[in-house]
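For reference, the structure discussed in these notes is given below.
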Amino acid sequence: MQKEIIISDDEYETRCAVLEDGVLTEIDIERKNDEHTLNNTYKGRVENVLPGMQIAFVNIGLERHAFLHISDIIRDLDEDRVNENNAKLDLNRNSADSPKPGRGYPYSISDLIHPNQEILVQVGKEPIGTKGPRVTTCITLPGRYVVYLPTASNIGVSRRIESAEERQRLREIAEAIRADVEGGFIIRTSAEGKSEKDFAAEIQYLVDQWKRIVKRAEDLSAPSLVHKEHSFIIRVIRDSFTTEVTQVVIDSKEQYQDAIDYLSSSGSELRSQVKLYNKSAPIFESYGIDKELKKALGEKIWLKCGGHLIIQQTEAMVSIDVNTGKFVGKKDPDNTILSANLEAVEEVVRQIRLRDLGGIIVIDFIDMDDPEHRRMVYKLLQQALDKDRARTNLLHISELGLVEMTRQRTRPSLATVLTESCPYCDGHGAVLSTDTITIDLLRSVKKAHRKSRKRKLRVVANEHIVSHLLDDRSNRLKRLEKSLNLQVRLEGDADIHLEDYQIFPEGSNREIYLN
């Protein structure tokens, strides 16, 4: 399998796409104007503890309080010990000589933390909708080869390393290192085949980083940001660029250099596989990614056989319905249904990864009477999900062809990022978000200028979009005009669709067509 990482960076957002054999399977988007908190470490103050729900709310200095569940504390208490560094921050639990059971745990959360207590936490899930971020006291500091767990003691090895002998070898190396280091480790996939020398320096760097975090936390008052996660490009290179990736293509000289510098500092041999994209066509357009992104926002996805999927996302769960559609087969109906279901499996998993669907997912395959057919579909689904980096829990397929599963959710789904509730249908559907339309309009202005060579352009758009551009605190339009030596006049039209706009040369009614 040929796996490529394609990165597009401009003044509005950074986008990272993963292609497998030329097919888009994952997309990650980070907008420059948004606040990003995932994996940031904060010194927070416990505001409220709810023993009946086994949760606490922690003020970490954001708009909404963070959510801390007992399961994100209890991991630190597997051994009856107190972490010395956390003790300095009053992170150690209170005496629990008479623990109160609750919701499956031997402790009550009120035995572990209390209001006004200052604790060090890390964001494990970004704020989604009206919910604040979810945090944990089990801090993780990732490197390319290992993840350091300063507040835990366990040692784990990536499940993607299939060889039992290699897993045991890496575990033994980690055990030897842990003799001199407090905390635990997770050995990452990229460490496969590496020697202790290859990642000993990285472990020391992560240990020193933790010491700096503890020292900084001691000097700060809660709530405060203690440690900010690396930039988007460094996270991609660190977490996704493994030996199975054939190339990383980046269209930004600055981001390309950052990637090369990071790989050089870690002594990686993968530097030669990072390429700078310098063609005139936009990189996502050249690789066909823009078209696939538009398809990923629709409910219906066609299969090659003529069948199709219907994907519907709600706040509570995601439902994926497999239909035969135009596919009628040539022989008996059982084999026709099996063929449609087997082809649907790969596309179902691809859409789950691409759309970053999380929480409860129900897949409704076409009914199969033959138990052997159900087993074949289920086994193929298991194999396809092995490619997914997110944690999944798959339940057995029912006689009705239903599969229930859960998938780790750490950030908003693709639809949440790119769309918002539609004002034309009272929230029953969705349109592109204001920021998505604005960014697309600004890119189109740039393209229209390049195509027409005009120094003055007139843009007619929905009044809401025009107002948004004029009130834009980051002055994106003005910066674009300055960079291109261009003048743009905006005209608002209440009757034009929110997603539509037209671009004309100033003084002309002949629209500039960009397709």
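Basis for what follows: all heavy atoms, side chains included, without hydrogens, waters or symmetry-related copies. What you are looking at is a predicted structure, and each value in this text was computed from that prediction instead of being measured.
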Side-chain heavy atoms of Phe232 within contact of Cys16, under 4.5 Å: yes

Side chain to side chain, Lys125 and Val135, heavy atoms closer than 4.5 Å: no

Least distance between heavy atoms, Ala340 atom then Ile366 atom: CB-CD1, 3.9 Å

Working for salt bridge (charged side-chain N to carboxylate O under 4.0 Å, His left out), residues Arg479 and Glu11: CA-CA 10 Å; Arg479 286 191 279 120; Glu11 57 267 49; over 6 Å; no

Ala415 backbone acceptor or donor facing Thr419 side chain under 3.5 Å: yes

salt_bridge(Arg443, Asp10) N-O dist < 4.0 Å: yes

Heavy-atom donor-acceptor pair, Glu347 side chain to Ile301 backbone, under 3.5 Å: no

Side-chain donor or acceptor of Asn462 paired with backbone N/O of Ile496 under 3.5 Å: yes

Separation of Ile465 CD1 from Asp440 CG (nearest 0.5 Å): 10.5 Å

Ile439 vs Ile437 side-chain heavy atoms within contact, under 4.5 Å: no

Whether Arg64 side chain and Lys131 backbone form a donor-acceptor pair below 3.5 Å: yes

Atom pair OG/NZ of Ser474 and Lys32 - distance to nearest 0.5 Å: 11.5 Å

Steps toward side-chain contact (heavy atoms from CB on, under 4.5 Å) verdict (Tyr277, Ile250): CA-CA 6 Å; Tyr277 180 87; Ile250 307 173; over 6 Å; no

Atom pair CZ/CG of Phe365 and Leu342 - distance to nearest 0.5 Å: 9.0 Å

From Ile233 atom CD1 to Arg238 atom CZ, the distance as rounded to the nearest 0.5 Å: 12.5 Å

Residue pair Val214 / Trp210, side-chain heavy-atom distance below 4.5 Å: yes

SB check Arg160 Glu244 (cutoff 4.0 Å): no

CA sep, side-chain torsions, deciding dist, call: Glu292, Lys295, salt bridge (charged side-chain N to carboxylate O under 4.0 Å, His left out): CA-CA 5 Å; Glu292 287 299 314; Lys295 290 181 184 178; 3.4 Å; yes

Note: Arg15-Glu13 ion pair, threshold 4.0 Å (strictly below): yes

Spacing of CD belonging to Gln54 relative to CD1 belonging to Ile73, to within rounding of 0.5 Å: 9.0 Å

Ile109 side chain reached by Leu50 side chain, heavy atoms, under 4.5 Å: no

Ring geometry between Trp302 and His308 (parallel below 30°, tilted from 30 to 60°, perpendicular above 60°): perpendicular

Validation row: Ile203, Tyr145 side chains within 4.5 angstrom (heavy atoms): no

Side-chain touch Val362/Ile320, heavy atoms, less than 4.5 angstrom: no

Minimal non-hydrogen separation, Gly143 against Leu206, with atom names: N-CD1, 4.0 Å

Beyond-backbone contact of Ile311 with Leu357, side-chain heavy atoms, under 4.5 angstrom: yes

Working for side-chain contact (heavy atoms from CB on, under 4.5 Å), residues Thr406 and Ile361: CA-CA 6 Å; Thr406 59; Ile361 301 173; over 6 Å; no

Side-chain donor or acceptor of Thr314 paired with backbone N/O of Met317 under 3.5 Å: yes

Polar side-chain atom of Arg134 near backbone of Val123 as donor-acceptor pair, under 3.5 Å: no

Closest approach of Pro223 to Arg45 (non-hydrogen atoms, all atoms of both residues): CD-NH1, 3.9 Å

Pair Met405-Ile352, side-chain contact (heavy atoms from CB on, under 4.5 Å): steps then yes or no: CA-CA 11 Å; Met405 62 174 286; Ile352 287 174; 4.2 Å; yes

Of Arg188, Arg389, Arg144, the residue whose pairing with Asp239 passes salt bridge (charged side-chain N to carboxylate O under 4.0 Å, His left out): Arg188

Minimum heavy-atom distance Thr436-Leu418, with the two atoms named: OG1-O, 3.3 Å

Leu432 backbone acceptor or donor facing Glu499 side chain under 3.5 Å: yes

Val46 and Ile119: CA distance, side-chain angles, deciding distance, side-chain contact (heavy atoms from CB on, under 4.5 Å) verdict: CA-CA 7 Å; Val46 179; Ile119 60 174; 4.0 Å; yes

Worked verdict on Glu20 versus Arg353 for salt bridge (charged side-chain N to carboxylate O under 4.0 Å, His left out): CA-CA 12 Å; Glu20 294 177 358; Arg353 294 170 62 194; 2.9 Å; yes

Thr136 side chain vs Cys138 backbone, donor-acceptor pair below 3.5 Å: yes

Pair Asp219 + Lys215: basic N to acidic O under 4.0 Å: yes

Ion pair Lys3/Glu26, N-O distance below 4.0 Å: no

Glu229 and Asn40: CA distance, side-chain angles, deciding distance, side-chain hydrogen bond (donor to acceptor under 3.5 Å, both in side chains) verdict: CA-CA 5 Å; Glu229 172 65 308; Asn40 286 355; over 6 Å; no

Side-chain donor or acceptor of Thr438 paired with backbone N/O of Thr434 under 3.5 Å: yes

Cationic N near anionic O, under 4.0 Å, Glu126 to Arg411: no

Euclidean distance, Thr151 OG1 relative to Gln122 CD, rounded to 0.5 Å: 9.0 Å

Main-chain N/O of Thr392 paired to Arg407 side chain as donor or acceptor, under 3.5 Å: no

